[in-house]
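Sharing a structure below in structure tokens format, with a few things to ask.
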Amino acid sequence: MTDGCALCGRRGVRTTRHHLIPRRTHRLKRIRRRFERADRLGRILHICRPCHSHIHAVLGEKELAEVYNTREALLSHPEIADFVAWIGDKPAGFRPRIRRPKR
């Protein structure tokens with residue numbers, strides 16, 4: 001997909017699907033009790049690779065599923081908000097270095 005990033009707003013960038021409730025957490029009982037199946041599968045943001053990589057470098061999957069499962073919640077996290085503000089004015093081909101993902 002090449003429309004634009006739902007987080008940083010950059011246009012002309014390729015986007016990836018970010019599952020706001022990570023697929024690995026769908027089998028957990030507390031996630032199943034909290035979210036309907038359609039909600040678990042349907043909460044997706046189309047975001048650029050740098051934003052996607054940064055999210056996974058900063059937050060673990062359980063934390064994403066339980067706390068940061070909406071666009072607004074992601075943007076409320078200080079590190080993610082700072083990154084999104086920083087990368088928002090970079091050109092479409094810009095690829096920053098991202099630290100290793102948090103597992």
> Does R71 have any side-chain contact (heavy atoms from CB on, under 4.5 Å) partners at least two apart in sequence or in another chain, and if so, which?
Replying inline: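 R71 satisfies side-chain contact (heavy atoms from CB on, under 4.5 Å) with L7, L45, L75 only.
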> Minimum heavy-atom separation for R10 to A92, with atom names?
Replying inline: NH1-O, 3.9 Å
> Taking all non-hydrogen atoms of both residues, which atom of V13 and which atom of C5 are closest, and how far apart?
Replying inline: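 In terms of heavy atoms, the two residues are closest at CG2-N, 4.2 Å.
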>> Looking at R14, is its backbone amide N or carbonyl O close enough to the side chain of R49 to form a donor-acceptor pair, meaning the two atoms are under 3.5 Å apart?
In response: no
> Side chains of L20 and I44: closer than 4.5 Å at any heavy-atom pair?
Replying inline: no
>> Which heavy atom of I21 sits nearest to which heavy atom of N69, and what is that distance?
In response: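 So the two residues come closest at CG1-CB, 4.0 Å.
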> Which atoms form the tightest heavy-atom contact between V84 and C51, and what is the distance?
Replying inline: CG2-SG, 4.4 Å
>> For a quick test of reading the model, state the closest non-hydrogen atom pair linking I87 to C8 and the distance between them.
In response: CG2-CB, 3.7 Å
>> Tell me whether the rings of Y68 and H77 are parallel (<30°), tilted (30 to 60°) or perpendicular (>60°).
In response: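 Correct class here is perpendicular.
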>> Nearest 0.5 Å, please: how far is CG in L59 from CD in E66?
In response: 12.0 Å
> Listed by chain and number, what are the ring pair (Phe, Tyr, Trp, His ring centres under 6.0 Å) partners of H52, not counting sequence neighbours?
Replying inline: H18, H56
